[in-house]
Amino acid sequence: MKKLILCPGLPRSGTTSLWNLLSCNDIIKGSNYKEIHYLSLLHNNYDLMYPSELINPHASYILSKNEKRGLSYPYNLDNYISYLNSNSNASDFSQSYFLLPEDFLDEVNSKLKDYFDVKIILIYREPIRRLISYMGMLHSDANFFGINLKDKRDLFVEYVNNPKFQSLYKDVKEKYERVFENVMCLTTEHFFLDRKKQKKLTEFLEVPVIDILPNPQNVRNYNVQLSDEDLKLARYKLKDSIDVYEKLI
């Protein structure tokens with residue numbers, strides 16, 4: 001059965017570096033597009049943690065991009081499977097999938113497992129640094145679409161105080177582990193430096209070797225002006241996610 005590698009995020013955690021690494025090692029050979037967000041568009045309901053102002057512009061942008069890739073609207077799971085099968089080694093690294101609800105993922109998996117040996121890779125980053133980078137990414141996206149978002153610091157504090165976001169790392173991990181049979185969690189700060197962790201990924205993906213690339217991809221230093229009190233609040237509020245992250249190291 002053909003292998004399918006799905007990496008649903010988390011965003012700003014090294015998904016691009018991981019995709020490029022596996023692509024350069026021919027593990028996902030033929031997968032020309034890292035992110036098609038097909039399942040998010042099919043579900044047609046973004047999670048409330050994603051800024052509402054960005055939902056329609058982002059969806060329209062991806063629909064337009066996918067149209068040029070031969071993925072026509074309306075979407076359905078059969079066409080998604082056909083697209084995946086058109087690649088010699090199938091993969092989808094759409095970061096928006098971490099937001100998908102469990103009942104929808106159950107529906108997706110019930111179809112995928114008839115065609116693919118599905119391997120899920122979740123890649124995590126230290127929660128506060130990831131959130132800072134995520135705020136920068138959201139503002140970068142908003143600038144691209146000509147939309148004004150809240151000040152980065154205010155948006156950061158809003159996320160930190162969101163109970164759903166506070167348990168995000170645990171909830172995403174447990175959700176995917178309940179739905180899919182094969183799930184592996186990585187931490188970006190350690191995977192790219194630790195040969196033992198790299199070997200575990202080769203075993204998980206059932207490939208002989210992965211040659212690490214010298215330079216990470218899509219690395220940007222976003223600046224968010226935060227006070228010591230803001231960071232103290234983040235460490236307190238995000239303790240559940242920090243604990244999950246530290247257990248993965």
Side-chain angles (χ1 to χ4, degrees), residues 7-17 19 33-69 71 73-75 92-101 104 123-169 171-172 188 216-238 240-242:
C7 180
L10 276 61
R12 306 308 304 163
S13 293
T15 58
T16 300
S17 291
W19 177 83
Y33 307 109
K34 173 179 178 266
E35 302 178 55
I36 56 172
H37 300 280
Y38 196 101
L39 296 177
S40 296
L41 292 165
L42 174 59
H43 183 253
N44 198 31
N45 185 17
Y46 281 69
D47 191 280
L48 292 177
M49 285 189 292
Y50 193 74
S52 59
E53 306 96 314
L54 292 179
I55 292 175
N56 288 335
H58 185 264
S60 296
Y61 175 76
I62 296 299
L63 282 169
S64 176
K65 283 279 191 182
N66 284 352
E67 184 77 28
K68 296 174 182 177
R69 298 163 178 166
L71 294 167
Y73 200 80
Y75 289 2
D92 187 350
F93 277 53
S94 299
Q95 300 171 46
S96 59
Y97 294 173
F98 83 100
L99 299 170
L100 292 172
F104 179 69
I123 185 163
Y124 288 93
R125 182 181 178 187
E126 192 283 320
I128 297 174
R129 287 196 295 269
R130 192 198 75 86
L131 179 56
I132 291 171
S133 187
Y134 190 56
M135 296 301 95
M137 184 196 77
L138 293 179
H139 268 261
S140 178
D141 289 350
N143 289 337
F144 177 79
F145 294 122
I147 293 171
N148 291 320
L149 285 184
K150 288 182 180 179
D151 174 81
K152 291 177 187 176
R153 182 265 172 188
D154 293 341
L155 195 59
F156 176 90
V157 172
E158 181 179 300
Y159 270 72
V160 161
N161 282 311
N162 183 334
K164 192 170 183 180
F165 189 82
Q166 291 165 8
S167 60
L168 179 67
Y169 280 27
D171 293 344
V172 171
T188 192
Q217 306 295 308
N218 196 25
V219 176
R220 299 179 64 182
N221 293 316
Y222 292 109
N223 184 33
V224 180
Q225 296 296 325
L226 300 171
S227 68
D228 290 342
E229 287 301 311
D230 293 333
L231 294 172
K232 182 179 178 180
L233 175 68
R235 286 191 292 271
Y236 174 70
K237 294 282 190 172
L238 302 183
D240 283 349
S241 286
I242 291 171

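Scope of the values below: all heavy atoms of this structure, side chains included, with no hydrogens, waters or symmetry mates. What you see is a predicted model; the values in this text were computed from it and never measured.
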A.B. asks: Could you state the interatomic distance from CE (M135) to CG (L155), rounded to the nearest 0.5 Å?
C.D. replies: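 Between atom CE of M135 and atom CG of L155 there are 4.5 Å.
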A.B. asks: Quick check: do S17 and T188 have side-chain heavy atoms less than 4.5 Å from each other?
C.D. replies: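 The answer is no; the side chains never approach within 4.5 Å.
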A.B. asks: Starting at CZ of R12, measure out to CZ of R129 and round the result to the nearest 0.5 Å.
C.D. replies: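 Reported to 0.5 Å precision, the distance equals 13.5 Å.
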A.B. asks: Take Y134 and L10 through the side-chain contact (heavy atoms from CB on, under 4.5 Å) test and state the conclusion after the steps.
C.D. replies: CA-CA 10 Å; Y134 190 56; L10 276 61; over 6 Å; no
A.B. asks: Could you tell me the separation between the CD1 atom of I62 and the NE2 atom of H37, rounded to the nearest 0.5 Å?
C.D. replies: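 One finds 4.5 Å between CD1 of I62 and NE2 of H37.
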A.B. asks: Can you find a heavy atom in the side chain of W19 that is under 4.5 Å from one in the side chain of C7?
C.D. replies: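 Not touching, per the 4.5 Å side-chain cut-off.
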A.B. asks: Between N161 and L233, is any pair of side-chain heavy atoms under 4.5 Å apart?
C.D. replies: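 The answer is yes; the side chains approach within 4.5 Å.
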A.B. asks: Could you report the tightest heavy-atom contact between L39 and Y97, atom names first, then the distance?
C.D. replies: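 Minimum heavy-atom separation between L39 and Y97: N-OH, 3.1 Å.
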A.B. asks: Residues in side-chain hydrogen bond (donor to acceptor under 3.5 Å, both in side chains) with Y169, at least two apart?
C.D. replies: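 With neighbours one apart ignored, the set is R130.
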A.B. asks: Would you find a donor on one side and an acceptor on the other, under 3.5 Å apart, between the side chain of S140 and the backbone of G136?
C.D. replies: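 Between the backbone of G136 and the side chain of S140 there is no qualifying donor-acceptor contact (under 3.5 Å).
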A.B. asks: Rounded to the nearest 0.5 Å, what separation is found between the CD1 atom of I132 and the CZ atom of R125?
C.D. replies: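 I132 atom CD1 to R125 atom CZ measures 8.5 Å (nearest 0.5 Å).
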A.B. asks: So L138 and P51, do their side chains get closer than 4.5 Å, heavy atoms only?
C.D. replies: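 Yes, close enough: below the 4.5 Å cut-off.
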A.B. asks: What are the two closest heavy atoms between I36 and L41, and how far apart are they?
C.D. replies: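 Looks like O-CD1, 4.2 Å.
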A.B. asks: Partners of K150 by salt bridge (charged side-chain N to carboxylate O under 4.0 Å, His left out), sequence neighbours excluded?
C.D. replies: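 In terms of salt bridge (charged side-chain N to carboxylate O under 4.0 Å, His left out), with neighbours along the sequence ignored, K150 is linked to E158.
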A.B. asks: Output yes when a side-chain donor or acceptor of Q166 lies under 3.5 Å from a complementary backbone atom of V160, and no otherwise.
C.D. replies: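 Yes, Q166 side chain to V160 backbone: donor-acceptor pair under 3.5 Å.
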A.B. asks: Do D230 and S227 get their side chains close enough for a donor-acceptor pair, meaning under 3.5 Å?
C.D. replies: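 Yes.
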A.B. asks: Got S96 and E35 here, is their nearest side-chain heavy-atom distance under 4.5 Å?
C.D. replies: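 Of all side-chain heavy-atom pairs linking E35 with S96, none is under 4.5 Å.
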A.B. asks: When you measure from the side chain of E126 to the backbone N and O of I128, does any donor-acceptor pair fall under 3.5 Å?
C.D. replies: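 It does hold such a pair.
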A.B. asks: As an exercise, state the distance from NZ of K65 to OG of S60, rounded to the nearest 0.5 Å.
C.D. replies: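 It is 14.0 Å, given to the nearest 0.5 Å.
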A.B. asks: Run the numbers on T15 and K34 for side-chain contact (heavy atoms from CB on, under 4.5 Å), then give the verdict.
C.D. replies: CA-CA 9 Å; T15 58; K34 173 179 178 266; 3.2 Å; yes
A.B. asks: Using every non-hydrogen atom in the two residues, find where L54 and A142 come nearest and quote the distance to one decimal.
C.D. replies: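 Answer, listing the atom of L54 first, then A142: CD2-CA, 3.7 Å.
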A.B. asks: Does atom CZ (F145) have a neighbourhood of more than 12 heavy atoms from anything else shown, all under 6.0 Å?
C.D. replies: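 Yes - once you tally the heavy atoms of other residues, nucleotides and ligands closer than 6.0 Å, there are more than 12.
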A.B. asks: Where do N66 and Y33 land on the side-chain contact (heavy atoms from CB on, under 4.5 Å) test, with the steps shown first?
C.D. replies: CA-CA 10 Å; N66 284 352; Y33 307 109; over 6 Å; no
A.B. asks: Would you please name every residue forming a salt bridge (charged side-chain N to carboxylate O under 4.0 Å, His left out) with D154, sequence neighbours left out?
C.D. replies: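 D154 satisfies salt bridge (charged side-chain N to carboxylate O under 4.0 Å, His left out) with no other residue.
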A.B. asks: Which word best sums up how the rings of Y38 and Y75 line up, parallel for under 30°, tilted for 30 to 60°, or perpendicular for over 60°?
C.D. replies: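 Answer is parallel, since the angle falls under 30°.
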A.B. asks: Can you name the closest pair of heavy atoms from F165 and S241 and give their distance?
C.D. replies: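 Heavy-atom minimum between the residues: O-OG, 4.1 Å.
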A.B. asks: So H139 and L149, side-chain contact (heavy atoms from CB on, under 4.5 Å) or not? Walk me through it.
C.D. replies: CA-CA 7 Å; H139 268 261; L149 285 184; 3.9 Å; yes
